[in-house]
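One structure is given here, and the rest of the page talks about it.
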2 protein chains.
Amino acid sequence: MNKKTTIYDIAKVLDITAASVSRALNNNPKISESTRKLVLETAAKMNYKQNKLALALRSGKSYNVGVIVPRIDSNFFASVIRGIEEELYAHKYNVIICQTHEDEKREFENINTLLNAQVDGILMSVSNFTSESDSSENDRIIKRVIEKNVPLIFFDRKKNIDGVSSVTINDYDVSYLATKHLIEQGCSRIAHFKGNQSLEIFANRLAGYKQALLDNGIAFNESYVVQTKSSVEAGALAVNALMKLKNPPDAIFSSSDFAALGAIQQLKKEGLRIPEDFCVVGFGNEPFTDFMELPMSTVDQVPLEMGKMTAKVFLEHIDNTGNVKIEKKVVLTSELNIRQSSLRSNSQALEVVNNKKGVKI
Amino acid sequence: MNKKTTIYDIAKVLDITAASVSRALNNNPKISESTRKLVLETAAKMNYKQNKLALALRSGKSYNVGVIVPRIDSNFFASVIRGIEEELYAHKYNVIICQTHEDEKREFENINTLLNAQVDGILMSVSNFTSESDSSENDRIIKRVIEKNVPLIFFDRKKNIDGVSSVTINDYDVSYLATKHLIEQGCSRIAHFKGNQSLEIFANRLAGYKQALLDNGIAFNESYVVQTKSSVEAGALAVNALMKLKNPPDAIFSSSDFAALGAIQQLKKEGLRIPEDFCVVGFGNEPFTDFMELPMSTVDQVPLEMGKMTAKVFLEHIDNTGNVKIEKKVVLTSELNIRQSSLRSNSQALEVVNNKKGVKI
DNA sequence: CTACATAATGCAATCGATTACACAAACGTA
DNA sequence: TACGTTTGTGTAATCGATTGCATTATGTAG
């Protein structure tokens, strides 16, 4: 009943061809000023809107970008997406959101869907499925993305694949820093909540933690390292196990804010004072960490910047008309926010320690 | 270099026409079993993927749905989007995300962009720009969406427009309930942090609050109602002003969790005990409300369900091939989570009060 | 062996916009 | 006047998939 107006409709009204209408609308010089004016007026009057699908089909550019994340309702991913959307909005790109729920099959399907939809690029954070499962199929489809010359950019959770750019934070360095900070606060039996080690980011956090211990003359103690999921319950359970050790720890560097919170709640229940008896540093700078009775020290992963940077790297790939392949590994400098959960002395300011925002290529 | 395979490529290989390939791939009965098998095999071998753009152009269905929200990095909107995505994923629709940042022009542009992109529907939460501004242009474009027969569904922040469906929660009822709960706790001088009254949801919350007071013999006191933004700082400022009154309040029902938090922090600073001296109920069930030292009572807006329901209503519109116009106003039952910030007695269980999930049409 | 139904395939238009190429008119110059 | 140049338009192909209609091949009945 209410059909959309096309350039053919405009052409018919003005008794010219669609080609001329198209030229008039696109600032093509091969058109007279008079008809251009006429076309523009008529187009406005008829409420013409360019059909992007037709354009996309012809040009091969859909101006859509796919973003794949485990889930969108986590502050970190939502903020990254916000950054991506804001940056791409300025360049007329739309953002299509897909969630994997950490499921391998979903990840595979999402990539497929996005390819079918002819997206101009895929920005993704790899899912965290158990390494036992045979992920070869997903690796294969990722290879196809690359073969098809669809720009693929990893953010945060990356895979190491030749020719694929990525944007991450300095997990190793900031973990080193966080551990060093705990040592400086007088802690000597520092535990670590580690994440899935098949993901680089979590492996790097563990490595930074280890190195900080070694550099400060503290022996690495395997029993102080517990793998935990990113949840309050997991953190409570993990800390319970730790406190049953013969020589229980006096601090935790957790790779998850949620697990850190669970640990704090549990420790308080058992009557420990924080930070006097026990220090805790989390990871993620979730909003609640700053709203707690006792604000929690944590690592800010600068998600907004990560999103913007990921979008920028994508745009560079798009603009790269030359034959030179781009492969950029951007490492953003994250921030260690020292708050009361780990601040005993006044030796360190109650503030951001490392806020030099830097970019390494 | 690595062109995508089309049905023409398959046709050429098998020395048949693209029409036959298409028929084979689409389970069209007008094709012999032998060629169908041949085509399917060859398609798999050549790694054929249907080009959705071509399909969309021809059929007029893009299988994309636009979602417009003020911002994505709030727990509420992110959760709604999660619900939408999950529901639509099962029906092969993609979700395109747009943010307005509460800006009128952005809202207008987003609607335009989505229409150009030929989305099959638009799901939106209206932006919160000052009512002074002349929003007639946005109203006009919304009318155009309706004229074009593009399904439009509002969620949470709706406008009252004929022919437009919406999904909201029972703001009035739950606000009534929350206020009544505060009265039952022995509070008699109950203040309210209200939001922008040009948005229905905030007007309804104020109305429910008022009615609960009246029904319980408490006079409505204009000076107990303060308009606040949804931020910690705004809440602290607002409560400061309230406490300077000759007869300061002994409770707050806030239409924002963040403002409620600000109020609590400020009150504690001034030495008041919560809930003994002062009770607080928030709105939104932000994650932090449950993680606080003193968990905050708050209204859960059931965002996941809201997202799923919004998607379902959209699907009904799409499936509605008849000439009958659908206009659905779904009101979801939200949940009042009573926690320690407002629980003095044990008369009410420390639990969800209203968890009968219901749907009214 | 003809006639006619049925099955399988090809042909060509369609969706809407862009653009290389062809062509015409208008102009300038020798 | 004749020829080249500029300028503006039209023609038709293209992007990839689908589908109504025409056409061919096959089968069946009379």
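In what follows, chains carry the letters A, B, and so on, assigned in the order in which the sequence lines appear, proteins first and then strands, with residues in each chain numbered from 1. These numbers were taken from a predicted model, which means no experiment stands behind them. In what follows, every heavy atom counts, from backbone to side chain, and hydrogens, waters and symmetry copies are set aside.
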In whole Å, what is the span from the [atom1] atom of [X] to the [atom2] atom of [N]?
{"X": "A/D9", "N": "C/dA17", "atom1": "CG", "atom2": "P", "value": "9 Å"}
{"X": "A/N51", "N": "C/dT18", "atom1": "CG", "atom2": "P", "value": "10 Å"}
{"X": "A/K30", "N": "C/dA20", "atom1": "NZ", "atom2": "P", "value": "8 Å"}
{"X": "A/I7", "N": "C/dT18", "atom1": "CD1", "atom2": "P", "value": "6 Å"}
{"X": "A/Y63", "N": "C/dA17", "atom1": "OH", "atom2": "C1'", "value": "15 Å"}
{"X": "B/E33", "N": "C/dT6", "atom1": "CD", "atom2": "C1'", "value": "17 Å"}
{"X": "B/I31", "N": "D/dT18", "atom1": "CD1", "atom2": "P", "value": "13 Å"}
{"X": "B/Q50", "N": "D/dT18", "atom1": "CD", "atom2": "P", "value": "5 Å"}

Quiz prompt | Student check: side-chain heavy atoms of B/K49 and A/K148 closer than 4.5 Å | solution = yes
Quiz item: Can you find a heavy atom in the side chain of A/P151 that is under 4.5 Å from one in the side chain of A/I318?
Solution: yes
Exercise. Using a strict 4.0 Å threshold on nitrogen-to-oxygen distance, state whether B/K105 and B/E109 make a salt bridge.
Key: yes
Self-check item: Ion pair check, A/K159 and A/D139, cut-off under 4.0 Å
Solution: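 Result for this pair is yes, salt bridge flagged.
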Can you find a side chain N or O atom of [X] that sits less than 4.0 Å from OP1 or OP2 on [N]?
{"X": "B/N28", "N": "D/dT18", "result": "no"}
{"X": "B/T35", "N": "C/dT9", "result": "yes"}
{"X": "B/Q118", "N": "C/dG16", "result": "no"}
{"X": "A/S32", "N": "D/dG8", "result": "no"}
{"X": "A/S59", "N": "D/dC15", "result": "no"}
{"X": "A/S22", "N": "C/dT18", "result": "yes"}
{"X": "A/Y8", "N": "C/dT18", "result": "no"}
{"X": "A/S20", "N": "D/dG10", "result": "yes"}
{"X": "A/N26", "N": "C/dT18", "result": "yes"}
{"X": "B/T17", "N": "C/dG10", "result": "yes"}

Quiz item: Is B/R23 side chain donor-acceptor paired with the C/dG10 base, going by distance under 3.5 Å alone?
Solution: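 Side chain to base: pair present.
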Quiz item: Between B/R140 and B/F108, is NZ or CZ placed under 6.0 angstrom from the six-membered ring centre and within 45° of the ring axis?
Solution: no
Quiz item: With a distance cut-off below 6.0 Å to the six-membered ring centre and an angular limit of 45° from the axis, does B/K312 pair with B/F314 as a cation-pi contact?
Solution: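 The answer is no; the distance or angle limit is not met.
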Quiz prompt | A/R58 side-chain proximity, nearest of D/dC15, C/dA13, D/dT9 | solution =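 Selected nucleotide: D/dC15.
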Self-check item: Among C/dA17, C/dC15, C/dT9, the one nearest B/L57 by side-chain distance
Solution: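 Nearest listed nucleotide: C/dC15.
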Practice problem: Have a look at B/L55 and say if it touches a base, only the backbone sugar-phosphate, or nothing, with a 4.0 Å heavy-atom cut-off. | Solution: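 Sugar-phosphate: the residue B/L55, judged by heavy atoms under 4.0 Å, touches backbone atoms but no base.
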Practice problem: Check every strand shown and say whether B/I16 touches a base, only sugar-phosphate, or nothing at a heavy-atom separation below 4.0 Å. | Solution: sugar-phosphate
